[in-house]
Amino acid sequence: MDMYQIEGAKSLRGDVPLSGSKNACLPIITAALLGEGPSTIHGVPDLFDIRNLRLLVEHLGASVEFSDGTLTIDPAGVNRDYVPYDMMCRMRASFYAMGPLLARYGRAKVSLPGGCAIGDRPVDLHTRGFQDLGAQLGESNGYIVARSPGKRLKGSRLSLLGSNGTSVGATCNVMMAATLAEGVTLIDDAAREPDVVELAAFLRAMGARISGEGTSTIRIEGVEKLHGAEWTVCTDRIEAATFAIAALVTHGDVVLRGAVRPHLYSTLLALDLWGAELTWVGENDLRVRRSRHAKHPLQVVTEPWPGFPTDVQSQLTVLLALTPGESYIRETIYPERFKHVHELKRLGAKISVPEKGRIQITGVPALRGAVVKATDLRAGAALVTAALAAHGTSQIRDIEHISRGYENLEQKLIDLGAGICTLPVADSDPGLDGHTHHDTNDAVSQADPSELETLAGDVV
Ligand code: UD1
């Protein structure tokens, strides 16, 4: 296990090139399984989640090449319809295999995802959507088994509204399944996130007939076949937001290269209200620094698109922790997504949880270095952001969570002038504070291909 050691309180300055969007890439990779020929995807970030998904599609029988950000997938050899538990528990996005497998081969057996560090993450909306398309679903031994009784799924009108709003993942999965269904599908209460729009555009490039993406009703006219396509993925709006906030908390001056302006709308609105100076210095290049105006505490609610993204909630918490006055954040998408709060307090932040799903942040003048632990991807990003601002040295443990979602994070930060390095953690490492560190979280690791060989799946 490695850790980041960060010497904080250094202003970040310079340009940072943004990577391709992880969350847009993941469904696009499984969507490529729907094509009769190979697809080529450019701008793919080299991340653990992407490598794990690559192993998954290879496990299904597809051949994949990945170099210099270009991933080529040839689904010609797909001969399995089975996603084992080991793959599912590494990454929830493995469930994205279900829609394409069901649509193209009429059957799929996918392990149920387990619990998750950011709270309960059910898949009922995915399965309900598949059932609405005529699939028969059953559960056995922790697996969801789905079959299409006819040769093709059947288009229908369906809603993806759950008790917690709509779902990005279910919208992507059901949209993929509907592309090859017989007849027209209308998805009501669809998620409107850029990742859904990006997937729809890729599917259209494969020959799918889709309209309405980005609104709450998506129309899909099923076609008999899709072909491979070439696609360049948009840049990562969550990575952009993370660097923007890192620039602000370090009193820096950073240009985000390749930012997609409409994807950053609500994040930039919040940063503008706070008092950031945000200047577009090129069509896709955003300069971020502090303005001379007072820094304002904020009251923010995370919401589905176009609301403030839950994936930026933890990083914003760091900014508000260093802003005089009382700020509040209400998390409506994952009410338990506050694992970073405890660790931020170790750095000196003053945060309380007055009720489930809401935090109160009392600004402090400065944070100080400490040993902290990343519990999940975005909590980890918040800890890095906080450590960059903090006075003194911090150590961030369990950084494999962070590598799941940030490409070349360390090098990008070094190029901006940060004092960051990766060090190995010994089991008996006393840390900065003298406490022995025992690593208990080994859930996120890269899949070992030899291990997957032994997991024989059903042959399609
Ligand atoms: C995606 C993103 C994740 C982001 C989240 C919300 C990927 C790989 N991940 O996750 O980074 O935080 O969107 O923007 O793109 N829900 C149900 N039933 C379901 C599915 C979801 O009740 O079947 C609930 C969830 O518990 C949650 C809400 O719906 O409360 C939104 O979840 P969803 O949009 O599905 O998140 P993901 O697609 O898993």
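Note that the numbering runs from 1 along the sequence shown for the chain. Ligands are counted one by one from 1 in listed order, and the atoms in each one are counted from 1 as well.
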Pick one of side chain, backbone, both or neither for how [X] approaches ligand 1, counting any non-hydrogen atom pair under 4.0 Å.
| X | value |
| --- | --- |
| H126 | both |
| Q313 | neither |
| L125 | both |
| P122 | both |

Atoms of ligand 1 close to T166 [distance to a heavy atom under 4.0 angstrom, numbered from 1]
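The atoms of ligand 1 under 4.0 Å from a heavy atom of T166 are 29 (O), 31 (C).
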Using a strict 4.0 Å cut-off to heavy atoms of T310, name the atoms of ligand 1 that fall inside it.
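Result: 6 (C), 12 (O), 14 (O).
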Counting heavy atoms only, which of I333, L53, D311 is nearest atom 12 (O) of ligand 1?
D311
Any idea which of G307, A191, S167 brings a heavy atom closest to atom 33 (P) of ligand 1?
S167
Would you check whether G169 reaches within less than 4.0 Å of ligand 1, judged by its heavy atoms?
yes
Does the side chain of H126 come under 3.5 Å of the side chain of N173 through a donor N or O and an acceptor N or O?
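Per modelled atom types, H126 and N173 side chains form a pair under 3.5 Å.
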For T302 and Q313, which I'm curious about, is there any donor-acceptor pair between the side chains at under 3.5 Å?
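Looking only at side-chain atoms, Q313 and T302 do not form any donor-acceptor pair under 3.5 Å.
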Ring centroids only, cut at 6.0 angstrom: are Y143 and Y85 within range, meaning strictly under it?
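Distance test on ring centres: not under 6.0 Å, no.
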Taking side-chain hydrogen bond (donor to acceptor under 3.5 Å, both in side chains) as the criterion, tell me which of D188, T217, D189, D132 meets it with S159.
D189
Once salt bridge (Lys or Arg N to Asp or Glu O under 4.0 Å) is applied, do any residues pair with D124, and if so which ones, sequence neighbours excluded?
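Salt bridge (Lys or Arg N to Asp or Glu O under 4.0 Å) check on D124 returns nothing, list empty.
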Applying ring pair (Phe, Tyr, Trp, His ring centres under 6.0 Å), name anything that partners F308, two or more places apart in sequence or on another chain.
none
